[in-house]
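Below is one structure; the comments refer to it alone.
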Amino acid sequence: MPLKIYSTLTRQKEDFIPNKPGYVALYVCGPNLYDPCHVGHAFSYIVFDMVKRYFKFRGYAVRHVQNFTDIEDRIIAKAQKENKTIQEIAQVYIARFLDETDALNIERADAYPRATGVIPTIIEIAQGLLAQGFAYQVEGDVYFRVRQADGYGKLAHRSLDQMEAGARIQVDERKDDPMDFALWKASKPGEPAWDSPWGKGRPGWHIECSAMNLVEHGDQIDIHGGGHDVIFPHHENEIAQSESYTGKKPFAKYWMHNALLRLASDTSDEDKMSRHVGNTLWIKDVLARHTPDEIRLYLLSTHYRTPLAWTDADVDAMARGLERLRAAVVSAPEKATADRRPPTAANLGLNDVDRSERHAENALAQVAQQTREKFIAAMDDDFGTPQAIAALYDLAREINRARNENAAAEALAPAQATLRELAGVLGLTLEEPQSKMMQAAPFIELLIAIRKELRAAKQFALADKVRDELAKLGVALEDGPQGTTWKIVN
RNA sequence: GGCGCCGUGGCCAAGUGGUAAGGCAAGGGUCUGCAAAACCCUGAUCAGCGGUCCAAAUCCGCUCGGCGCCUCCA
């Protein structure tokens, strides 16, 4: 059974067949660099990070390209306002973008081209489109002739006539058709400008992605991704430009768009998170409140094409579930093997014990295998992360159950490895939250050792005091039959 | 005006023709000096109405309620 991907172009799930066997050319729309990124961006990047990791898991080589749009109206406006160059503005937000996506455990793309880095290609494309009659020049501007493009509107599933019905307020009379869009714009005084056959100017709004794809991937790519809000006009125009220029179709074989994240608020309104509206949660602030695993598990617990309304309470709930997954992959304390058998086992013959253990071991191995199959089946069906995650929980339960039944650490290990591996495909580390307090580990271990002696001496009041005081400091102790474990809590 | 999405147990969320995954919360247990964790058990007929079908949460129609795109936007 092949992997299926829902493509916006055909509006249905399609078998994934790459242009080159075993290789995936992936392009994901990156941010406009006029402000920091918010959780909505993070959602999109996490979705496509998951997609990339899954392809790799399935044995594909993936080349992932993500653009930085570093020349655009808002960046120019911001630069002018802050009396800086667009390069300076871009640099600040690129650095921040990389810091934040690293923190979110998003794998780096193979290339991060910048719009200003592909100006010659942009000019080349514009010239080519002019030569072929797909574009025309007006006073230093170059416009794409929308009616000339084959099937314009096929991605957004709209016809030009329908769109004309929608009132477009300011129609530029110099354009042949109101929907024609700029490939190249003559620059106004004080704006960044590049030399071109049409005079000083700068790129239009959509051409940079066509150019970057051409440079980084070539004429045709396998998957083009982005947020749902960028389908029209951005991606529609990209298709028109690229296919008209190269003459090769399709430009992208599969178009994937993640649903938009909304910000649930007390005031009852749940609007799309948008930097223009101002109802944003910056990634930085979210990272201050939740761990990367929590954020990712939360965002992936809903299918990527289903809209999601962010609430901190829901992320917190996810954190508690994550704790169970994390606990399942933690090994039992060392000494476990020695006295792991319950007293009742003393009455059993060794062979019986061995036999029952082997039985449990096999059962666990079987569950691990089933989990892997369920995980793959879910992910193969248009990246069904909710069901994939459900499979992970099922495996965690089996591991914990086996441990409760005193299975040996070695018996748990393979299932734990499977859980770690599959969680890793979703980008979950299942690691304890990193904290300065981890440096206190040796001291905590010491307190645990002392407390153990107190308990042996039945000095429970003192033992409890140790535990309570540590709890106040954010260290939770848990006594189990195999010893005491500890963890950092919020 | 055009295009499109969503409404499933207290909350989050899968399922898209054969009698409802998973998570959180809650209640009851097991274990334990206690606590915690873990494990076990308990709960929904799928916004409403009508229709198609042997059979519908799942298809069709209508109603109500949310939301997105058509303009920069992940």
Side-chain angles (χ1 to χ4, degrees), chain A residues 8 11 28-32 34-35 37-48 66 69 72-74 153 156-159 161-170 179 205 225-234 236 257-262 268-277 297-298 301-303 305-309 311 313-325 327-328 342 374 378 384-394 396-405 455 458-461 463-464 467-468 471 476-481 484-485 487 489:
Chain A
T8 308
R11 301 223 168 157
V28 181
C29 270
N32 269 6
Y34 69 88
D35 245 354
C37 292
H38 55 64
V39 213
H41 294 98
F43 176 50
S44 185
Y45 307 150
I46 284 173
V47 163
F48 288 103
Q66 180 161 39
T69 296
E72 191 262 345
D73 290 355
R74 284 166 192 276
H157 295 261
R158 287 172 200 157
S159 72
D161 300 321
Q162 280 174 344
M163 288 188 280
E164 277 180 306
R168 189 179 158 95
I169 302 165
Q170 272 196 320
M179 294 304 294
W205 302 300
H228 194 264
D229 54 348
V230 90
I231 295 173
F232 192 91
H234 188 62
E236 191 71 58
H257 293 99
N258 59 274
L260 301 181
L261 190 67
R262 289 172 296 143
S268 84
D269 279 312
E270 289 182 4
D271 289 327
K272 176 186 78 170
M273 193 175 292
S274 163
R275 295 189 286 193
H276 315 125
V277 180
L297 186 62
Y298 171 67
S301 69
T302 301
H303 186 83
R305 284 189 288 108
T306 303
L308 177 63
T311 72
D314 287 343
V315 186
D316 288 337
M318 212 46 71
R320 291 188 283 276
L322 180 66
E323 190 52 47
R324 253 178 70 222
L325 293 179
K374 274 194 244 173
T385 53
Q387 293 159 90
I389 290 169
L392 260 37
Y393 275 110
D394 288 338
R397 183 183 307 109
E398 291 304 322
I399 292 170
N400 287 331
R401 179 188 287 160
R403 179 158 40 207
N404 277 355
E405 289 166 3
R455 292 173 69 208
K458 306 242 183 248
Q459 299 212 35
F460 294 124
D464 286 352
R467 185 175 57 197
D468 293 344
L477 299 192
E478 290 167 4
D479 299 326
T484 299
T485 58
K487 66 186 176 193
V489 293

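Keep in mind that what you see is a predicted model, and the values were worked out from it rather than measured. Letters go in sequence order (proteins before strands), and every chain restarts at 1.
Between His41(A) and Asn400(A), the residue whose closest nucleotide on RNA chain B is further toward the 5' end is Asn400(A).
The salt bridge (charged side-chain N to carboxylate O under 4.0 Å, His left out) test applied to Glu323(A) returns Arg326(A), Lys487(A), not counting sequence neighbours. Under the salt bridge (charged side-chain N to carboxylate O under 4.0 Å, His left out) criterion, Arg397(A) pairs with Asp394(A), sequence neighbours left out.
Searching all strands for a Watson-Crick or G-U wobble partner of G65(B) with both distances below 3.5 Å returns C6(B). Across the strands present, U45(B) finds no partner; the criterion is a Watson-Crick or G-U wobble pair with both atom distances under 3.5 angstrom. If you check C59(B) for Watson-Crick or wobble pairing at under 3.5 angstrom, you find it paired to G51(B). Across all strands shown, U30(B) is found opposite A38(B) as a Watson-Crick or G-U wobble partner, with both distances under 3.5 Å. Using Watson-Crick or G-U wobble geometry with both donor-acceptor distances under 3.5 Å, A14(B) finds no partner in any strand shown. Summarising the base pairing, G1(B) is matched to C70(B) through a Watson-Crick or G-U wobble pair whose two defining distances lie under 3.5 Å.
Expressed to the nearest 0.5 Å, how far CG of Leu308(A) lies from NE2 of His303(A) amounts to 12.5 Å.
A gap of 12 Å separates the P atoms of G7(B) and C12(B), to the nearest Å.
Contact annotation for Gly30(A): backbone-only contact, meaning every heavy-atom pair under 4.0 Å involves sugar-phosphate atoms and none involves a base. Glu72(A) comes within 4.0 angstrom of the backbone, heavy atoms only, and of no base. Within the nucleic acid shown, Arg401(A) comes within 4.0 Å of sugar-phosphate atoms alone, with no base atom in reach, counting heavy atoms only.
In this structure, Asn258(A) does not reach the A74(B) phosphate: none of its side-chain N or O atoms is under 4.0 Å from OP1 or OP2.
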- Under 4.0 Å protein heavy-atom contacts per nucleotide of nucleotides 10-24 of chain B, with B for base, S for backbone only and - for none: -SSSSS-----BSSS

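Atom P of nucleotide C34(B) and atom CD of Glu478(A) are separated by 16 Å, given to the nearest angstrom. Look at NZ on Lys458(A): it is 12 Å from C1' on U32(B), rounded to the nearest Å. When the P atom of A74(B) is taken as reference, atom CZ of Arg262(A) falls 18 Å away, rounded to whole Å.
Ring-base stacking between Tyr45(A) and A74(B) is not satisfied when judged by a centre separation under 5.5 Å and a plane angle under 30°.
The Arg74(A) side chain lies nearest to C72(B) when the options are C73(B), C39(B), C72(B).
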